[in-house]
Amino acid sequence: MPIDFKSQLNPAQLEAVMVTDGPVLVIAGAGSGKTRTLVHRLARLVSLGVDPTSILLLTFTRKAASEMLSRAEKLLGMALGGVQGGTFHAFSFATLRRHPQATGYPGTLTIMDRGDAEEVMGHVISGLGAGKGDKSFPKKGFVLELISKSRNKELTVSDVLSREAYQLLPHATALEEIADEYRIYKENHGLLDYDDMLFTLERALLAHPDLLEQLRARHRYIMVDEYQDTNLVQARLVKLLAGEAGNVMAVGDDAQSIYAFRGANVENILSFPRIYQGTRLIRLEQNYRSTQPILDLTNAILRGAKDRFDKNLFSEREGGPKPELVKAYSDQTQARLAVEKIRELKRRYLACEIAVLFRAGYQSYSLELALNKEGIAFQKFGGLRFSEAAHVKDAVAFLRVVHNPRDAVAWKRVLTLVDKVGEKTALKIAVAVRDNDQGFLAAQRKKNPGLEAVFAFLEELRSEPGGPAAMLERAVVFYTPALTRLHPEDYPRRLAGLEQLSQIAVSYAHLEAFLADLALENPEEERKGVREDAVVLSTVHSAKGLEWAAVLLLDLVDDRFPSRHALARPEDLEEERRLLYVACTRAKDLLTLYVPGTVYNRAGGGSQPAMPSLFVRELDRDLYTEMRETFSGALTRLGEGGMGNGSFQARSVDMGGEMSGSFQDGIGTGSFSSARREALAESCRSGAQPLEPAFASPFASSPESGGTGGNGPLGFCQHRIFGRGKVVARLGDGKSRVNFPGFGMKVILNEYLEMEP
DNA sequence: GCGCCTTAGTTTTTT
DNA sequence: ACTAAGGCGC
């Protein structure tokens with residue numbers, strides 16, 4: 001039965017679906033049915049008889065691609081297995097893998113994630129002796145970002161520096177040299193970073209016209225989602241692939257550009273009609289997602305933008321409450337208030353219809369603890385990746401050296417697990433492997449039984465590899481003793497994580513694909529999908545393109561949202577504004593913004609007063625309902641014309657002693673033991689002092705300070721709560737610094753310590 | 001020279 | 001928690 005597109009789409013959406021030939025640019029406002037349009041167009045192409053394998057769907061995440069495919073399949077009632085879909089990076093690598101001769105690289109290739117690239121960069125910098133002893137010299141992470149930005153924006157390193165960090169211009173020459181060395185190192189070791197994938201594909205297409213023709217013939221219809229977040233090389237790749245036919249549809253929203261920091265170029269979307277002659281421009285402006293009060297707020301956020309966005313979303317969803325602005329005493333009580341809100345919302349909505357969003361991954365830590373304590377399930381997106389954990393990288397490194405023996409980063413991980421082998425030895429061995437220096441290798445194996453064991457294991461793994469899952473399981477078995485030694489406190493948890501990874505690996509037939517996906521996607525995220533019973537926690541970046549009935553947005557204070565790093569440059573601040581716009585437009589029915597009066601900083605000495613976000617300060621009071629936490633922890637609603645924004649005073653009432661302690665300890669899961677809970681409660685009653693920077697916990701210092709301190713022996717001690725620990729320093733003030741296995745460094749009053757004889 | 005431990009100083013977003 | 005740098009011992 002033919003699909004009745006006309007009844008399911010509005011006129012603009014319908015136009016986008018019906019025009020299947022030639023270039024089309026769809027400017028799609030937030031919530032304007034962009035995905036719906038793409039899905040229907042996909043279905044229509046196939047219903048017209050287009051071979052699914054000739055459709056290429058480039059999206060921001062693979063999750064987005066697979067969601068579109070499954071929705072289109074539902075619509076069509078048939079499978080769309082052949083449609084190519086995924087990120088530019090994944091598509092690029094998959095294409096390169098199919099045409100290894102075109103890459104220009106000899107041998108196998110390994111994709112580096114951020115951590116791997118930092119490793120290489122550290123090696124390159126120290127190898128050149130760059131900035132040695134110079135505190136003003138940028139750190140490897142910064143250098144990596146700088147070089148990546150220069151490649152993505154296609155500017156010289158010096159140009160990037162003069163725009164974004166002119167104080168580093170004196171180092172420009174050294175940094176250019178580092179960039180060269182970094183490139184050479186990667187080439188010599190068969191390593192590709194994220195940027196290389198795109199540029200290598202472009203080079204391959206330009207150098208091999210036959211390959212280009214083949215790909216053009218294959219990908220007759222191209223659709224690109226989130227086009228505003230593409231960079232220059234991505235736009236050129238699309239142009240190359242689209243060819244003369246130009247059957248390309250780009251979908252995007254200039255107001256939602258949030259990836260300029262990694263080189264995305266909003267100009268791409270604006271210049272699309274110029275680059276593709278005869279572009280049909282279609283605007284989707286009606287919002288089907290949010291209620292009008294929510295849109296009033298998001299429109300206001302955009303109105304403050306420096307760049308003009310010719311956009312004013314309107315909705316037919318007239319009703320609904322205004323967004324709420326909740327002023328909490330601290331970020332700790334914010335977490336408690338958010339949990340209460342979630343509990344209330346869960347009575348009306350499925351948990352998966354509720355999302356808590358934040359600017360940076362770490363901003364949800366205290367909320368995660370609170371949710372754990374309440375037994376509320378959640379799924380977190382964004383922030384640290386599972387595959388970036390040290391134990392995962394260690395275990396996977398065994399597979400990597402088997403796949404690509406030139407992968408020096410993986411060799412270093414594998415070999416430094418062996419006692420007495422450090423970076424230098426590991427790299428020497430990696431070089432010997434690459435140059436097939438059997439003599440050196442034999443001598444090393446003879447000298448160190450640990451090395452002998454590793455090599456024997458790797459030979460075994462190489463000779464009878466089996467699938468990725470089988471290989472990983474064997475690697476985990478081999479790695480377990482080292483894991484136990486390295487992480488005596490929590491190796492069971494890490495082992496369980498590796499077991500999970502083996503489960504993920506089962507679905508891969510080829511090692512190379514498994515390793516690539518590990519670097520390109522978050523396999524855990526892909527696998528878990530959406531759980532109905534779990535509230536969603538996500539960074540705003542990872543929330544892009546998604547929607548929820550209720551959205552809670554945390555930490556709307558200067559330095560956090562907008563991020564501290566963005567305050568220096570107007571362009572960065574504008575991106576933060578668009579980020580806030582993206583965050584708020586995720587909400588369908590309810591939107592709650594949290595403004596804590598104080599925020600806790602690990603580095604900056606405990607809790608400090610915070611200023612409501614400048615984006616909040618500039619909002620008209622009529623756009624939201626303001627609620628304020630009272631001393632009892634309840635919320636009161638401020639009457640209209642009551643105290644306005646300016647009167648909000650940051651309060652330093654520390655109601656979060658308990659949370660501070662648990663946050664500090666960094667124990668992510670499980671509940672507190674009753675002994676610990678008692679101690680925490682006690683410390684709250686006794687009015688524990690705010691914490692010492694970096695180390696303190698609520699019960700580390702107490703009001704009465706006994707002892708004169710500064711002396712006393714080092715050695716092992718017992719503590720009522722933390723158990724056995726090692727005294728590493730006597731600090732004076734009657735305090736000592738003690739390292740407790742599993743709890744980390746603490747500053748503790750001597751009177752709470754019992755020294756072991 | 002090299003491995004390994006200690007100590008001091010920091011956390012943005014993602015492929 | 002995680003990195004970089006400095007110190008110690010082989």
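All heavy atoms count here, side chains included; hydrogens, waters and symmetry mates do not. Since this is a predicted model, take the numbers as computed values, not measurements. Note on naming: letters A, B, ... go to the chains in the order of the sequence lines (proteins, then strands), and numbering restarts at 1 for each one.
Among the heavy atoms of the strands, none lies under 4.0 Å from A/Glu575. No contact: A/Arg560 has no heavy atom under 4.0 Å from any strand. At the heavy-atom level, A/Tyr259 lies under 4.0 Å from the strands shown only through sugar-phosphate atoms. Among the atoms of the strands shown, only primed sugar atoms or phosphate atoms (P, OP1, OP2) are found under 4.0 Å from some heavy atom of A/Gly383. Counting any heavy atom pair closer than 4.0 Å across all strands shown, A/Gly122 reaches no nucleic acid atom.
Residues of residues 412-421 of chain A that place a heavy atom closer than 4.0 Å to DNA chain B, in numerical order, are A/Asp419, A/Lys420, A/Val421.
Residue A/Thr425 has a polar side-chain atom (N or O) positioned under 4.0 Å from OP1 or OP2 of B/dG3. OP1 or OP2 of B/dC2 has at least one side-chain nitrogen or oxygen of A/Lys428 nearer than 4.0 Å. For A/Ser542, a side-chain nitrogen or oxygen approaches OP1 or OP2 of B/dT14 to under 4.0 Å. Between B/dT12 and A/Arg262, no contact under 4.0 Å exists linking OP1 or OP2 to a side-chain N or O. Distances shorter than 4.0 Å separate none of the side-chain N or O atoms of A/Thr61 from OP1 or OP2 on B/dT14. Residue A/Lys139 places none of its side-chain N or O atoms closer than 4.0 Å to OP1 or OP2 of C/dA4.
Across the protein-nucleic acid pair, A/Arg564 atom CZ and B/dT11 atom P stand 6 Å apart, rounded to whole Å. Across the protein-nucleic acid pair, A/Lys140 atom NZ and B/dT10 atom C1' stand 14 Å apart, rounded to whole Å. Distance NZ (A/Lys447) to C1' (B/dC2): 11 Å, rounded to an integer number of Å. Rounded to whole Å, the distance from CG on A/Asp572 to P on B/dT12 is 13 Å. We find that CZ of A/Phe358 is positioned 15 Å from C1' of B/dT11, with the value rounded to whole Å. Distance A/Gln363 CD to B/dT11 C1': 11 Å, rounded to the nearest Å. Between A/Ile258 atom CD1 and B/dT14 atom C1' there is a gap of 10 Å when expressed in whole angstrom units. Atom C1' of nucleotide B/dT14 and atom CG of A/Asn231 are separated by 12 Å, given to the nearest angstrom.
For A/Tyr491, the OH atom counts as loosely surrounded, since its 6.0 Å shell holds 12 or fewer non-hydrogen atoms of other residues, nucleotides or ligands. Under a cut-off of 6.0 angstrom, the local environment of CG in A/Leu486 is crowded, with over 12 non-hydrogen atoms contributed by other residues, nucleotides or ligands.
Ion pair A/Glu571/A/Arg163 not flagged as a salt bridge, since none of the NZ, NE, NH1 or NH2 atoms sits closer than 4.0 Å to an Asp/Glu carboxylate oxygen. Between A/Glu145 and A/Arg114, at least one side-chain N (NZ, or NE/NH1/NH2) sits under 4.0 Å from a carboxylate O, which counts as a salt bridge. A salt bridge does not link A/Arg494 with A/Asp394: none of the charged nitrogens is closer than 4.0 Å to a carboxylate oxygen. For the pair A/Glu154 and A/Arg236, the salt-bridge criterion is met [side-chain N within less than 4.0 Å of a carboxylate O]. Using a cut-off of 4.0 Å between Lys/Arg side-chain N and Asp/Glu carboxylate O, A/Arg183 and A/Asp196 are scored as not salt-bridged.
Where A/Glu576 and A/His89 meet DNA chain B, the nucleotide closest to each residue was compared, and A/Glu576 sits on the side nearer the 5' end. Residues A/Asp195 and A/Ala360 both approach DNA chain B. Their nearest nucleotides, taken by heavy-atom distance, put A/Ala360 toward the 5′ side.
Under the stacking criterion of a centre-to-centre distance below 5.5 angstrom and an interplanar angle below 30°, A/His541 is not stacked against the six-membered ring of B/dT14. Here A/Phe261 does not pack flat against the base of B/dT12, since the 5.5 angstrom centre distance and 30 degree tilt limits are not both met.
Of the candidates B/dT15, C/dT3, B/dT12, B/dT15 carries the atom nearest the A/Leu520 side chain, counting heavy atoms from C-beta on. Comparing B/dT14, B/dT13, B/dC2 against the side chain of A/Lys424 picks out B/dC2 as the nearest. Set against B/dT13, B/dT15, B/dT12, the side chain of A/Tyr194 has B/dT15 as its closest nucleotide.
Note: A/Phe261 and A/Tyr259 meet the aromatic proximity criterion, with ring centroids under 6.0 Å apart.
The CG atom of A/Leu237 sits 12.5 Å away from the CE atom of A/Met197 when rounded to the nearest 0.5 Å.
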